[in-house]
Number of protein chains: 4
Amino acid sequence: MAQRGVNKVIIVGNLGQDPETKYTASGAAITNVSIATSETWKDKQTGQAQERTEWHRVVFFNRLAEIAGEYLRKGSKVYIEGALRTRKWQDQGGQDRYTTEIVANEMQMLDSRGGSDDSMGGGYQNAPSRPAPAQAPAQQGGGAPAYGGGRPQPAPAPAAPPAPDMDSFDDDIPF
Amino acid sequence: MAQRGVNKVIIVGNLGQDPETKYTASGAAITNVSIATSETWKDKQTGQAQERTEWHRVVFFNRLAEIAGEYLRKGSKVYIEGALRTRKWQDQGGQDRYTTEIVANEMQMLDSRGGSDDSMGGGYQNAPSRPAPAQAPAQQGGGAPAYGGGRPQPAPAPAAPPAPDMDSFDDDIPF
Amino acid sequence: MAQRGVNKVIIVGNLGQDPETKYTASGAAITNVSIATSETWKDKQTGQAQERTEWHRVVFFNRLAEIAGEYLRKGSKVYIEGALRTRKWQDQGGQDRYTTEIVANEMQMLDSRGGSDDSMGGGYQNAPSRPAPAQAPAQQGGGAPAYGGGRPQPAPAPAAPPAPDMDSFDDDIPF
Amino acid sequence: MAQRGVNKVIIVGNLGQDPETKYTASGAAITNVSIATSETWKDKQTGQAQERTEWHRVVFFNRLAEIAGEYLRKGSKVYIEGALRTRKWQDQGGQDRYTTEIVANEMQMLDSRGGSDDSMGGGYQNAPSRPAPAQAPAQQGGGAPAYGGGRPQPAPAPAAPPAPDMDSFDDDIPF
DNA sequence: TTTT
DNA sequence: TTTT
């Protein structure tokens, strides 16, 4: 029992600010970040370059929240995979409000080169497919894969196959 | 010039109601739908089955909006690919409010079998990567692909490779 | 430590044949299916409708393999999420060969309506991010989510925000 | 008419070598790269760190091929979105062989910081959803978006909603 | 080998 | 408001 339908978000962008990490009473970490993606285009009439930035609220739980809080910084470039979740809350006037967030279940830091001293830059993921927020610090896998000896081997770049016959490509297609 | 970062959403779910289609002054269609995804789990203490439904606002523009408005119905199952966009608006009290939507750029209808009379069930996509909302009815592709004669052939199922040696798999790994 | 980079495939298509399930010495299931996706277009010169079908080899392990083997059939429509894996093997002449497969880690059956007797149609996923093939029948989560009492509520469709002012859309843009 | 089903690949990884660009008789660029993703884990018995690298063949056409050929280098980190395509070819012995590639339709360079002088690092995409390989240098969109004056505004990070009541989270759930 |  |  898990999922009915698919609810998946993939974001690559930069943090607008340092992450903010809080802890639940039980000690589970919750980290929030704001990530920008943008698109640019030329205005058709003026020819001016235009830009529109979209800000994404991303929330991490448990072990992933700890990693995000520790390694991400304002300006960090990250890959995030997660699910959409719209929360209801009340404003001061008691009115219902809604906020849509991305609940992250995987993260890849993408600028280890530009980082200070971190020799890593890898990817992390939370336990799968449980309705977030989960509470206790996730016991992350620990799963030892244990390939058998005669397992299917990974495939080191095979010798390149002959290129398709490019001369036979249709020539005068204007697109 | 197009995108800085990645802003991608993939949804598979069912429409909660019939689509609503409007038209701009210039005749461009805009269709809104609400799509449900859900996750289910067993309550740890009570053992009771639990369910949480997430509702996604999806907006289509132009040609895709016309197709969505014509073929989708309450209960329809669809695959949607799009981008997140948060819009600002003012409520009656003049206060700023924000609504997050998925701007669809691809749609696949997934229940042609269960449908009434629709003899289709294929996929559609809008022109790529322009800041939505776009205005005029999209001139969809028109792109004629035109493979040359000697192009690389599609690959009909190759003879199955020998299965990996399964007996050598590690046996007693408890996960 | 899990992933460096992202290796993700998403497929929606139909099975060309019934699934084939095998078992390792340790009892772990391995199911193989072949899934078709296709694209259609009009030939630019002749105006003839064209179609190209792509066949995807998909392999499931453990619990997911059992479910796939039991519920999928020739013609079934499925959503698959997985990772690419290229395996090396030797043909009869002792030559190295390579086969690329999708190792599934999530599956959604998409045609419960059209199905025969299956009263389900939900989604399933394997344990995350361990190098496949894994061995023993996966102990799937068991994870009880356990929301606290005051947890953030799911958000039932908020009152619709006012539509963007469509009359102000640019009118005569020919795309 | 476009797609039946979904055939989508998302890769984030590093180039193993410099790209190789060729041109068709008609002048269309075709660029091939090999991109590594990897997963690491600890061997359950020995406790040794293990790593498995997957190599992905990626092919770009037209304008995207030119950009990839010009800006990517051995070691470059990229985000690629594309579709799987398995090509059939004959080896010297006349035997049928199959090679699976990712036909890229979007690319994001992810290491502008580490780059030499490139002040960019943005994303690019080819025209959508036409059966590749296409022939002539793609006329990329040219689509001017042209937002009207009163268009829905982007949403600058809204004031944070109150955090969910974390103290009420269930406390002693061991997962 | 699927699907429309 | 959907779906099972």
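Within every chain, numbering begins at 1; the chains are lettered A, B, ... in the order of the sequence lines, protein sequences first and strands thereafter.
Put simply, CD on Glu51(B) is 13 Å from C1' on dT1(F), counting in whole angstrom units. When the P atom of dT1(E) is taken as reference, atom CG of Leu72(C) falls 20 Å away, rounded to whole Å. The distance from atom CD1 of Ile35(B) to atom C1' of dT1(F) is 12 Å, rounded to the nearest whole Å. Between Leu110(C) atom CG and dT2(E) atom P there is a gap of 19 Å when expressed in whole angstrom units. Between Arg52(B) atom CZ and dT2(F) atom C1' the separation is 15 Å, expressed in whole Å. Put simply, OH on Tyr98(A) is 13 Å from C1' on dT1(F), counting in whole angstrom units. Distance CZ (Arg4(A)) to P (dT3(F)): 11 Å, rounded to an integer number of Å. Per the geometry, CG belonging to Leu15(C) stands 10 Å off P belonging to dT3(E), to the nearest Å.
The side chain to side chain contact (heavy atoms under 4.5 Å, CB included) test applied to Gln95(C) returns Asp91(C), Asp91(D), Arg97(D), not counting sequence neighbours. Remark: Glu70(C) engages no residue in a side chain to side chain contact (heavy atoms under 4.5 Å, CB included) (not counting sequence neighbours).
The base of dT2(F) has none of its N or O atoms less than 3.5 Å from a complementary donor or acceptor on the side chain of Ser38(B). Judged by atom type and distance alone, Thr53(B) reaches the base of dT2(F) through a side-chain donor-acceptor pair under 3.5 Å.
Among the nucleotides dT1(E), dT3(E), dT2(F), the one closest to the side chain of Asn14(C) is dT3(E).
The CD atom of Glu66(C) sits 8.0 Å away from atom OG1 of Thr31(C), with the distance rounded to the nearest 0.5 Å.
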For the pair Thr53(C) and Ser38(C), evaluate side chain to side chain donor-acceptor pair (under 3.5 Å) and give the outcome as yes or no after the intermediate values. CA-CA 4 Å; Thr53(C) 295; Ser38(C) 58; 4.6 Å; no
